[in-house]
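First up is the structure itself, then whatever we jot down about it.
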Amino acid sequence: MADLDGLFEFDPASLAKVDRLGQSGVPCWPNGLLVTHLSTELHAAFVHHRDDAGMAAAAEGFGQVAVGGRLMFRNHMGKAMFLRLQDRGEATVDDVDRDGKGVRRGGAIQVYVRREDIGETAFESIKQLDIGDFVWAAGTMMRTRTGELSVHAREVRLAAKCLLPFPDRWNSVSDIQVRSRQRYIDLFMNEETRATFRARSRIVRYIRNFFEARDYLEVETPMMQPIPGGAAARPFVTHHNALDMDLFLRVAPELYLKRLVVGGLERVFEINRNFRNEGVSVKHNPEFTMLEFYQAWASMEDLVGLTEELLSALVSSVAGRSTLQFGELELDFSAPFARLDMDEAIARATGLTLTELGDPEAMAAFWATRFPTEPRMPTHRGGWWERLFERYVEPNLINPTFITGFPPEISPLARRSDARPDRCERFELYCARWELANGFSELNDPIDQAERFAAQVRAREAGDDESMYFDADYVRALSYGMPPTAGEGIGIDRLVMLITGRTSIREVILFPTLRPVAPTPSEPDPGPR
RNA sequence: GGGCCUAUAGCUCAACUGGCAGAGCACCGGACUCUUAAUCCGUAGGUUGUAGGUUCGAUUCCUACUGGGCCCA
């Protein structure tokens, strides 16, 4: 084998096995193997054929099948062998096991191999199969003496060799390091992981259908933006060499989507990645998936209803019921959701009066008696509300709850309430102690928008690096006129967490952001692990 | 950034108060024609995360570092 300059090391015993197999005419990575049936299809087709006569007749009618999958289990008994092949199928076929207990079949199919059926040479090479190998088998359907549906093999082939020691199948792989760094291992070892990501796909598909059914257009807007905007968050910076310009990975698609409403698309949505240069935690990943949607001729109230409709139907459809078990919490997603004004919620939780909540001095005094060591106090009412809300209200919001009545100071893109100009027509949806969605009637007055951007720029100059930039082209777009519009963002990863019951965001992102494996002194180059 | 916990074979885990580094599974060799976490016999597998310290002796006690987990900010 070619010298790999220490870039990768194969196990010599495995390489020897590859050679040995090749010399005896068994290629380790052959091509052109056709699979005709998925394990789940076979279980579904034969689930009602249990007795010998019925089974024989059904198998006769079915004829030859070819299956393929990863060898997860093997019993070898001299001149006969059982192989269990795991494929992409899902365990969806209701059946009963030997003891009459209900089970779900699918995802794997057993293969029965006899030496006298496939010949001595072929049988000898089958004995060389290892757990973890991909295996292909062709034959007819049968049931074993104990009733397990199996492929009675006429031919068995190694389809792809596994060169690495296979994880212990008694104890599922539980090391969170392995599970998230080497997601492929997690996927082929753990059915719950496969189920989580199938559910994620279903959730996204449901949302897409939901909006398409309401005449929304799915669009894609820039991931790389010359001016980052649409959310209060620190962006990642990158550089375009040919144009010699810095670009920011987007923290939100908002300002581009609203430009499309100005352009007349009226109803648009995007499901895509956002990037925020912030800490990593069980509910934060630097890149995460966001649904944003905008609808002209709609207001915040329309979105409240749409959100309730979407989430309650989505939960019922994917989870099969209207409540979700999330860690210790039980979450009720039946509409309508609770609603609470931000200031009332804070007043109730802190004991401060509504008058005191209008006075930054009073809130600062309240805070100083409880958290005297904390630096960097907010300077305006909205900043204090945000801080008090996070500390006193958010930890108690379990069931889905719309928080309304946000102040404009912390809502630079939201329309002011006509009835209460010191508040915005904005809501955030909270659930399981965190924010799940954020929506509002959009600010479409370009003059007001320009002033709010200017205020953000002043805050940035005063040291707040999460403040927004002045996006002149966005103000220009609004100046052409944007119809009254409402828009909303929903965090897809968090939604998937709630529905699948995974309490860490890393469990619902296939390849979460992780610190690289640190090189050790004896091994300066960690290699492609 | 702070606190607590943690790192032992490819995987999952043991090793009493500091006294010979172990088991099951996987791998390698062998037996077995309906098994189901098959069974039986045998072999091999380790710088106990890294670097120091205490000690006659350290997986075990101490310090620092690195990775990971949980909680707080």
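Below, each value reflects all heavy atoms present in this structure, side chains not excepted, and no hydrogens, waters or symmetry copies. Just so it is clear: chains get the letters A, B, ... in the order the sequence lines come, proteins before strands, and each one is counted from 1.
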Report summary line: Taken to the nearest whole Å, CG/N190(A) to C1'/C11(B) is 12 Å

Query raised in the report: Is the distance between the ring centroids of F389(A) and Y430(A) less than 6.0 Å?
Result: yes

Query raised in the report: Expressed as a whole number of Å, how far does the P atom of U54(B) sit from that of C41(B)?
Result: 48 Å

Requested in this report: Tell me the partner of U63(B), counting only Watson-Crick (N1-N3 plus N6-O4 or O6-N4) or G-U wobble (N1-O2 and O6-N3) with both under 3.5 Å; none if nothing fits.
Outcome: A51(B)

Query raised in the report: Tell me: CD of E120(A) to C1' of U33(B), nearest whole Å?
Result: 14 Å

Query raised in the report: How long is the gap from CZ on F248(A) to CZ on R234(A), to the nearest 0.5 Å?
Result: 13.5 Å

Query raised in the report: Side chain of I131(A): nearest nucleotide among A73(B), C34(B), C27(B)?
Result: C27(B)

Check the interface with nucleotides 28-31 of chain B: list each N/O to N/O pair with the protein under 3.5 Å, or write none.
residue, atom, partner, partner atom, Å
C28(B), OP1, K17(A), NZ, 2.1
C28(B), OP1, D130(A), OD1, 3.1
C28(B), OP2, D130(A), OD1, 3.3

Requested in this report: Take atom CZ of R387(A) and atom C1' of A73(B), then tell me their distance rounded to the nearest Å.
Outcome: 11 Å

Query raised in the report: Side-chain contact, heavy-atom cut-off 4.5 Å: K127(A) with M81(A)?
Result: yes

Query raised in the report: Would you say the side-chain atoms of R194(A) pair up with the backbone N or O of L187(A), donor to acceptor, closer than 3.5 Å?
Result: yes

**Report entry** Summary of side chain to side chain donor-acceptor pair (under 3.5 Å) pairs that have at least one residue in residues 495-508 of chain A, sequence neighbours excluded
**Finding:** R179(A)-E507(A), T196(A)-R502(A), R502(A)-E507(A)

Query raised in the report: C34(B) pairs with which nucleotide, Watson-Crick or G-U wobble, both distances below 3.5 Å?
Result: none

Report summary line: Applied to residues 78-107 of chain A, the ring-ring contact (aromatic ring centres under 6.0 Å, His included) test, sequence neighbours excluded, yields F82(A)-Y112(A)

Report task. Could you measure between the two P atoms, the one in U59(B) and the one in A15(B), and give it in whole Å? Result -> 15 Å

**Report entry** A73(B) versus G68(B) - spacing of their P atoms, nearest Å
**Finding:** 22 Å

Query - Cation over ring face, R276(A) and F288(A), 6.0 Å, 45° - result: no

Query raised in the report: How are the rings of W367(A) and Y392(A) set relative to one another: parallel (under 30°), tilted (30 to 60°) or perpendicular (over 60°)?
Result: perpendicular

Query - G45(B) versus A23(B) - spacing of their C1' atoms, nearest Å - result: 14 Å

Requested in this report: Could you tell me which nucleotide pairs with U17(B) by Watson-Crick or G-U wobble geometry, both distances under 3.5 Å, or answer none if nothing does?
Outcome: none

Query raised in the report: Any salt bridge between R143(A) and D52(A), counting N to O under 4.0 Å?
Result: no

Query - Mate of G24(B) where both pairing distances stay under 3.5 Å, Watson-Crick or G-U - result: C11(B)

Requested in this report: Could you tell me whether E390(A) and R387(A) make a salt bridge, using a distance below 4.0 angstrom between a side-chain N and a carboxylate O?
Outcome: no

Query raised in the report: Taking the same atom, P, in C65(B) and in G22(B), what whole-Å distance lies between them?
Result: 33 Å

Might you list the N or O atoms of the protein lying below 3.5 Å from N or O atoms in nucleotides 4-10 of chain B, with each pair's distance?
none

Query raised in the report: What's the CZ-C1' distance between R145(A) and U33(B), to the nearest Å?
Result: 9 Å

Query - Interatomic distance, D97(A) CG vs A37(B) C1' [rounded to whole Å] - result: 15 Å

Query raised in the report: Does F366(A) have R370(A) sitting over its ring (NZ/CZ under 6.0 Å from centre, angle to axis within 45°)?
Result: yes

Query raised in the report: Okay, side chain of R70(A), backbone of G132(A): is any donor-acceptor separation there less than 3.5 Å?
Result: yes

**Report entry** Between C16(B) and A21(B) - P atom distance, rounded Å
**Finding:** 13 Å

Under 3.5 Å, which N/O atoms of the protein pair with N/O atoms of nucleotides 69-72 of chain B?
residue, atom, partner, partner atom, Å
G69(B), OP1, R506(A), NH1, 2.5
G69(B), OP1, R506(A), NH2, 2.1

**Report entry** Separation of C34(B) C1' from Q110(A) CD (nearest whole Å)
**Finding:** 8 Å

Requested in this report: Keeping to residues at least two apart or across chains, list the salt bridge (Lys or Arg N to Asp or Glu O under 4.0 Å) pairs with something in residues 38-51 of chain A.
Outcome: R50(A)-D95(A)

Report summary line: Whole-Å distance, I185(A) CD1 to A26(B) P, equals 17 Å

Requested in this report: For A26(B) and C70(B), measure between their C1' atoms and round to the nearest Å.
Outcome: 31 Å

Query raised in the report: Quantified in whole Å, what is the C1' atom distance between nucleotide A7(B) and nucleotide G49(B)?
Result: 6 Å

Query raised in the report: With both distances kept under 3.5 Å, what pairs with A58(B), Watson-Crick or G-U wobble?
Result: none

Query raised in the report: Over how many whole Å does the gap from R84(A) atom CZ to A37(B) atom P extend?
Result: 8 Å

